[in-house]
Amino acid sequence: MDLEQHLDRLGALLDRERAAETERFAQVPFTERVRRGLALPDVEAIEESGLAGRSLVTYARPGGSELAGQQLGVGAIVRVMPKREAADDAPTGIVARRQRARIGIAFDESPPDWATEGRVAIELLPSSATYDRLAGAVRRMRDARRWHPVVRGEPQRFEARPREAPGIQHRLNEEQQAALEQAERANDLMLVHGPPGTGKTTVLVELIRRAAARGEKVLAAAPSNLAVDNLVERLVAAGIDAVRVGHPARVLPGVLEHTLDQKTQAHPQAQIAAELVDEALRLRADTRKRKQRRGPGRFSEARAREREARQLLAEARELEDRAELSVLEKAQVVLATLTGVESRALEGRRFAIAVVDEATQAVEPAAYLALLRADRAVLAGDHLQLPPTVLAPDAQELSLSLFERLAMAQPSAMVTLLEQHRMNEQIMRYPSDALYGGRLRAHPAVAHHAIDGSPLELIDTAGRGFEDETPQESDSKMNQGEAELVAAEVRKLLTRLPPRDIAVISPYDAQVQKLRQLLHEVEELEIDTVDGFQGREKEAVVVSLVRSNPAGELGFVADIRRINVALTRARKKLIVVGDSATIARHPFHEGLVKYAERAGAWRSAWDR
């Protein structure tokens with residue numbers, strides 16, 4: 001591979017993707033943004049609280065009905081605006097919480113009164129920071145000779161023996177042990193391939209624990225905040241001192257105490273800094289009052305107090321930086337999203353090893369951000385599940401992750417985990433045969449666990465007339481008849497399981513919205529898109545495939561990696577609802593229908 005040409009190509013693809021992201025917002029009327037799920041037109045503040053020193057305001061629709069604006073997910077940058085007129089002081093914040101009927105937004109400073117006292121609109125804002133960081137990674141990789149052989153796909157280098165470390169804490173199976181040992185021998189980079197439920201994160205936690213025990217500084221990263229938070233929880237449970245870098249609005253509540261912000265606030269120097277800030281704010285308030293009085297010298301006194309306030313704030317910032325540095329220096333492991341690695345707090349910081357989970361969901365330049373900070377790296381993921389999300393039709397080459405490219409170029413640098421600890425064997429068997437060469441095996445503890453005598457059911461709606469449709473003002477797909485059938489199946493499951501143990505997933509957001517309407521009264525029941533359920537699991541899962549049409553159009557349902565995720569989230573019970581006359585035109589789905597028939601799992605929707 002010509003490295004320069006490859007990096008030039010990545011840079012050009014990023015430019016196309018940046019342009020596509022900009023196009024989503026450019027000259028698009030507000031009503032159109034609402035239709036695309038990029039804005040909420042009519043909400044009001046119902047609660048105000050705090051979040052790690054920031055203001056947290058929760059908004060809902062009048063009457064408490066379900067929110068649209070599906071693109072306004074946790075971590076999104078948004079702007080709050082008056083409903084009827086423009087405002088120069090429209091505040092920007094980050095979505096911290098998102099429920100069916102509520103959205104919580106964190107503001108660095110308290111928002112203006114109008115933002116919490118009346119009807120407002122909320123819109124998603126484009127952010128160029130991500131693309132700036134990815135483009136910067138491509139530029140820096142040109143000079144990072146240390147990583148050039150890896151990026152070119154040349155053979156990886158391994159030591160003869162693993163690095164020494166204290167004994168293994170977790171009980172690892174044969175492949176997990178092999179992956180750990182190969183990771184410990186790697187001089188450059190190693191890949192851990194983790195099919196669904198095979199415990200790749202268990203391997204990563206043990207790898208990180210051993211590196212920390214040797215006194216090595218570890219960077220742990222992932223493409224999404226949720227994947228990073230999962231790592232934080234696992235590492236803390238293993239007794240490892242972990243510091244999560246990132247905006248508090250973007251982390252799970254249970255992880256908040258481990259964030260850099262929260263740990264820094266508890267540092268003695270930061271507490272002194274907070275007192276200085278309070279004093280500076282008092283001085284500025286006094287300055288404003290003095291300017292309003294009459295009499296000689298009032299302006300000179302005000303200027304003196306303003307200088308004093310600025311000096312106090314400068315001292316406070318210096319103390320906060322020292323406190324932050326102290327927290328990071330003591331941390332065994334620092335965690336961040338891949339783009340979060342470029343945050344100011346980690347500027348210039350290097351690590352002995354970078355561990356990247358869910359690396360197959362990251363575009364290649366995002367993986368560079370971790371590699372450029374470390375001496376060696378371990379990437380973990382599954383290139384047969386969801387790839388990186390790429391918007392631009394002419395930039396789809398970006399969906400080939402560094403993990404997948406290297407797995408093809410240097411398969412000897414990869415260890416595949418084969419024993420899964422999630423699914424009943426009957427649920428596991430078809431994905432294993434169709435995608436993993438039939439090599440997966442179910443651990444005895446899960447092979448036969450079930451809710452009833454039918455761990456797998458495929459409910460075939462062929463002939464029922466449940467045709468898919470495109471709802472008005474939507475680009476997604478919905479199937480009303482299938483949605484009602486799915487809701488009925490869920491209610492049957494609810495007689496056996498609590499709602500928190502059940503999930504309903506679909507490739508289409510419009511179907512998700514319809515199912516939420518039909519099952520709105522069931523609290524703690526998760527209904528989400530396939531993409532939103534990556535890396536998750538439930539005792540029982542109902543999958544709605546939606547597509548049913550004479551033309552045999554499949555859309556997202558033809559994306560087998562997305563369907564692989566859908567079929568592998570259930571532990572004890574999987575119900576798949578779809579029209580075989582449509583879906584079986586694709587070989588993968590044809591195989592699924594035939595497998596269900598052989599396994600005695602096929603059911604006709606006419607009999608439900």
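Predicted model only: the values in this text are computed from it and were never measured.
The side chain to side chain contact (heavy atoms under 4.5 Å, CB included) test with I575 singles out one residue from V543, V542, V486, and that residue is V542. Checked options T582, V576, T461; the residue passing with L545 is V576 (criterion: side chain to side chain contact (heavy atoms under 4.5 Å, CB included)).
For T568, the side-chain hydrogen bond (donor to acceptor under 3.5 Å, both in side chains) criterion is met by no residue, not counting sequence neighbours. Scored by the side-chain contact (heavy atoms from CB on, under 4.5 Å) test, E553 finds R547, N549, A551 as partners (sequence neighbours excluded). A450 is linked by a side-chain contact (heavy atoms from CB on, under 4.5 Å) to N424, counting only residues two or more places apart in sequence or in another chain. Looking at residues two or more places apart in sequence or on another chain, you find a ring-ring contact (aromatic ring centres under 6.0 Å, His included) between H586 and H589. Evaluation of the salt bridge (charged side-chain N to carboxylate O under 4.0 Å, His left out) rule for K200 yields D357, E358 as partners, not counting sequence neighbours. Take A434 and apply the side-chain contact (heavy atoms from CB on, under 4.5 Å) test, not counting sequence neighbours, and it matches Y430, F588. In this view, T202 and R234 satisfy the side-chain hydrogen bond (donor to acceptor under 3.5 Å, both in side chains) rule, not counting sequence neighbours. A19 is linked by a side-chain contact (heavy atoms from CB on, under 4.5 Å) to nothing, counting only residues two or more places apart in sequence or in another chain.
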Task: salt bridge (Lys or Arg N to Asp or Glu O under 4.0 Å) evaluation trace for E404 with R561 - done: CA-CA 13 Å; E404 185 174 3; R561 291 195 286 192; 3.3 Å; yes

Open item on the list: What verdict does the side chain to side chain contact (heavy atoms under 4.5 Å, CB included) test give for R571 and D501, after you've listed the backbone C-alpha separation in whole Å, the side-chain angles of each residue and the deciding distance to 0.1 Å?
Closed with: CA-CA 10 Å; R571 288 172 46 77; D501 289 340; over 6 Å; no

Task: side chain to side chain contact (heavy atoms under 4.5 Å, CB included) assessment of L252 paired with E233 - done: CA-CA 10 Å; L252 293 174; E233 291 176 335; 4.1 Å; yes

Open item on the list: Evaluate R464 against E482 for salt bridge (Lys or Arg N to Asp or Glu O under 4.0 Å), listing each step before the verdict.
Closed with: CA-CA 9 Å; R464 286 298 305 268; E482 183 174 299; over 6 Å; no

- [ ] Show your reasoning for whether salt bridge (Lys or Arg N to Asp or Glu O under 4.0 Å) applies to K573 and E489.
- [x] CA-CA 12 Å; K573 179 84 172 181; E489 293 299 321; over 6 Å; no

- [ ] Check the pair V490 / V522 against side chain to side chain contact (heavy atoms under 4.5 Å, CB included), numbers first and verdict last.
- [x] CA-CA 10 Å; V490 170; V522 186; 5.9 Å; no

- [ ] Determine, step by step, whether E206 and R209 satisfy the salt bridge (Lys or Arg N to Asp or Glu O under 4.0 Å) criterion, reporting the C-alpha distance in whole Å, the side-chain angles of both residues, the deciding distance to 0.1 Å, and the verdict.
- [x] CA-CA 5 Å; E206 183 57 27; R209 188 193 69 78; 2.7 Å; yes

- [ ] Could you go through the side chain to side chain donor-acceptor pair (under 3.5 Å) check for Q513 and Q517 one step at a time?
- [x] CA-CA 6 Å; Q513 301 303 326; Q517 291 173 12; over 6 Å; no

TODO: Could you walk me through whether H193 and D382 pass the side chain to side chain contact (heavy atoms under 4.5 Å, CB included) test, one step at a time?
DONE: CA-CA 5 Å; H193 178 207; D382 181 11; 2.7 Å; yes

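R569 has its side chain within reach of P196: a pair of non-hydrogen atoms, C-beta onward, lies under 4.5 Å apart. Within the 4.5 Å cutoff, the side chain of L400 has no heavy atoms near those of the E364 side chain. When side chains are defined from C-beta on, D528 counts as touching R516, because their heavy atoms get closer than 4.5 Å. Side-chain atoms of V415 and E181, non-hydrogen and from C-beta on, never get closer than 4.5 Å to each other. S476 is not listed as a side-chain neighbour of Q511, based on a closest heavy-atom distance of 4.5 Å or more. Annotation: side chain of L418 is not in contact with side chain of T198 (no heavy-atom distance under 4.5 Å). Side-chain contact between V446 and Q420 is present, with heavy atoms from C-beta onward closer than 4.5 Å. Within the 4.5 Å cutoff, the side chain of I502 has heavy atoms near those of the L494 side chain.
Residues I560 and L435 share a closest heavy-atom pair of CG2-CD2, 3.9 Å. Here the closest heavy-atom approach between residue A362 and residue L338 is recorded as CB-CD1, 3.6 Å. The shortest non-hydrogen separation linking V251 to D229 is CA-OD2, 3.3 Å. Here the closest heavy-atom approach between residue L386 and residue R562 is recorded as CD2-CA, 3.8 Å.
Between the side chain of E17 and the main chain of A392, a donor-acceptor pair closer than 3.5 Å is present. Here the side chain of D468 pairs no donor or acceptor atom with the backbone of N479 at under 3.5 angstrom. For the pair E32 (side chain) and P29 (backbone), a donor-acceptor distance under 3.5 Å is absent. Under a 3.5 Å cut-off, the side chain of R98 and the backbone N or O of L72 do form a donor-acceptor pair. Using a distance-only test at 3.5 Å, with no hydrogens or angles considered, a donor-acceptor pair links the side chain of S432 to the main chain of L440.
Applying the ring-ring contact (aromatic ring centres under 6.0 Å, His included) test to residues at least two apart or on different chains, the pairs with a partner in residues 433-452 are H421-H443. Judged as a ring-ring contact (aromatic ring centres under 6.0 Å, His included), the pairs with a partner in residues 506-562 (not counting sequence neighbours) are, in order, Y508-F556. Applying the side-chain hydrogen bond (donor to acceptor under 3.5 Å, both in side chains) test to pairs two or more places apart or on separate chains, those with a residue in residues 386-397 are R9-E397. Judged as a ring-ring contact (aromatic ring centres under 6.0 Å, His included), not a single pair has a partner in residues 463-488 (not counting sequence neighbours).
Taking the charged nitrogens against the carboxylate oxygens, D475 and R35 do have a contact shorter than 4.0 Å, which makes a salt bridge.
Side-chain polar atoms of N225 and R244 form a donor-acceptor pair below 3.5 angstrom. Of the N and O atoms on the side chains of D460 and S580, at least one donor lies less than 3.5 Å from an acceptor on the other residue. In the model, R603 has a side-chain atom that pairs as donor or acceptor with a side-chain atom of S454 under 3.5 Å.
In the displayed structure, E521 atom CD is contacted under 6.0 Å by more than 12 heavy atoms of other residues, nucleotides or ligands. Atom CZ of R491 has more than 12 heavy atoms from other residues, nucleotides or ligands within 6.0 Å. The environment of K594 atom NZ is sparse: at most 12 non-hydrogen atoms of other residues, nucleotides or ligands sit within 6.0 angstrom.
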